[in-house]
Amino acid sequence: MYTYNLFDDMVKLRNVFDDFFTERRDHEGNTEFPPIRITEEDESITISAVMPGISAEDIDIQLVDNSLFIRGEKKEDYENHPYIRRERFFGGFKKSIKLPFRVNSGEIKADLSEGILKIRLTKSEEAKPKKIQIS
Amino acid sequence: MIERKVPMNGAEQRVYIPLTDIYETGDLYSLKMEMPGIKKENLDIVIHENELRITAKRGSHEEKENVKYSEYSDRDYYRVFKIGYDVDRNRVDANLDKGVLTLKLYKSEEVKPKKISINQAN
């Protein structure tokens with residue numbers, strides 16, 4: 001037997017709102033292309049940026065003070081044929097990331113694989129965790 | 001990438017719907033799908049009846065406690081396309097490069113445009 005429950009309708013309405021806010025393109029709204037992720041280890045931090053279809057030579061990475069700039073261009077790969085669907089986007093992009101601490105500018109490694117750019121930065125000596133001895 | 005809830009194995013799951021470009025020529029349909037972070041061994045491409053189903057397991061790459069900030073999530077990719085019977089089930093090329101999957105679905109011989117030669121009657 002079905003009993004009407006007002007809360008079922010409220011949950012449904014809440015789901016409508018939740019879906020509205022989560023079902024959007026990642027590069028729309030509050031984030032600029034490319035979407036990034038920052039992970040921190042003891043001695044380093046890694047910045048990952050999602051950039052499918054972009055070649056390494058079309059990306060320019062710069063470290064200025066403690067900000068990291070990623071600039072580049074995603075080049076069109078359209079063929080000269082009638083398209084049924086066009087959802088991907090192309091063009092130039094630029095993003096700056098403020099690093100949470102100073103990094104050692106001599107030790108930066110960048111790697112691009114499976115459409116994800118990973119930049120590994122080593123923390124400067126002052127930013128590394130230190131064990132303090134109790135005297 | 002578009003995030004969406006889809007029914008899968010009886011439950012609802014949040015997945016990324018890969019952005020796709022499709023063009024058609026006389027011989028084939030070509031699909032380009034953006035699936036960053038996917039290795040070819042985690043990719044599953046199935047044609048069943050009139051559906052082309054693409055599933056890719058993303059898996060997590062980083063230790064969760066190390067992630068300080070993120071603008072994307074490690075969701076799986078999933079997308080289904082309806083295909084017609086003009087597609088040759090046995091001739092599909094797939095190539096994964098820089099996080100972009102390119103699929104070439106060849107049309108079967110019967111539906112390809114044919115030039116008809118006219119026999120000259122003497």
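Numbered from 1 within each chain, the chains take letters A, B, ... in sequence-line order. Computed from heavy atoms alone, side chains included, the values below leave out hydrogens, waters and symmetry copies.
Using modelled atom types, no side-chain atom of Asn66(B) and backbone atom of Thr39(A) make a donor-acceptor pair closer than 3.5 Å. No donor-acceptor pair under 3.5 Å is formed between the side chain of Glu114(A) and the backbone N or O of Ile38(B).
Most heavy-atom pairs under 4.5 Å with chain A, from the set Thr25(B), Val100(B), Thr20(B): that is Thr20(B).
Here the CZ-CG distance, from Arg85(A) to Leu31(B), works out to 9.0 Å after rounding to the nearest 0.5 Å. A distance of 11.5 Å separates CD in Glu71(B) from OG in Ser48(A), rounded to the nearest 0.5 Å.
Salt-bridge formation is not detected for the pair Lys32(B)/Glu76(A): no Lys NZ or Arg NE/NH1/NH2 atom is positioned less than 4.0 Å from an Asp or Glu carboxylate oxygen. Between Arg88(A) and Asp21(B) there is a salt bridge, since at least one side-chain N of the basic residue sits less than 4.0 Å from a carboxylate O of the acidic one.
Judged as a ring pair (Phe, Tyr, Trp, His ring centres under 6.0 Å), not a single pair has a partner in residues 81-117 of chain B (not counting sequence neighbours).
Contacts between Pro34(A) and chain B at a heavy-atom distance below 4.5 Å involve the backbone alone (N, CA, C, O). For chain A, no part of Lys40(B) is nearby; none of its heavy atoms comes within less than 4.5 Å. Looking at Leu112(A), neither its backbone nor its side chain comes within 4.5 Å of chain B, counting heavy atoms on both sides.
Of all heavy-atom pairs between Tyr72(B) and Ile36(A), the closest is CE2-C, 3.6 Å. The two residues Gly115(A) and Pro36(B) come nearest to each other via the heavy atoms O-CB, 4.0 Å.
Under the 4.5 Å side-chain heavy-atom criterion for Ile, Leu, Val, Met, Phe, Trp and Tyr, Leu28(B) and Ile47(B) are members of distinct hydrophobic clusters. The hydrophobic clustering, which links ILVMFWY residues whose side-chain heavy atoms are closer than 4.5 Å, places Met51(A) and Phe90(A) apart. The cluster map of Ile, Leu, Val, Met, Phe, Trp and Tyr, joined by side-chain heavy atoms under 4.5 Å apart, puts Ile45(B) and Tyr16(B) in the same cluster.
By the 6.0 Å contact criterion, NZ on Lys75(A) is open, its count of non-hydrogen atoms from other residues, nucleotides or ligands being 12 or less.
The cationic group of Arg37(A) does not satisfy the cation-pi geometry with Tyr69(B), failing either the under 6.0 Å distance to the six-membered ring centre or the 45° limit from the ring axis.
Listed in order of number, the residues of residues 55-74 of chain A that approach chain B to under 4.5 Å between heavy atoms are Ser55(A), Lys74(A). Against chain A, the residues from residues 86-99 of chain B that qualify, each with a non-hydrogen atom under 4.5 angstrom away, are Lys98(B), Gly99(B) in number order.
Scanning for side chain to side chain contact (heavy atoms under 4.5 Å, CB included) contacts around Glu79(A) gives His81(A), Tyr83(A), Tyr23(B), with sequence neighbours left out.
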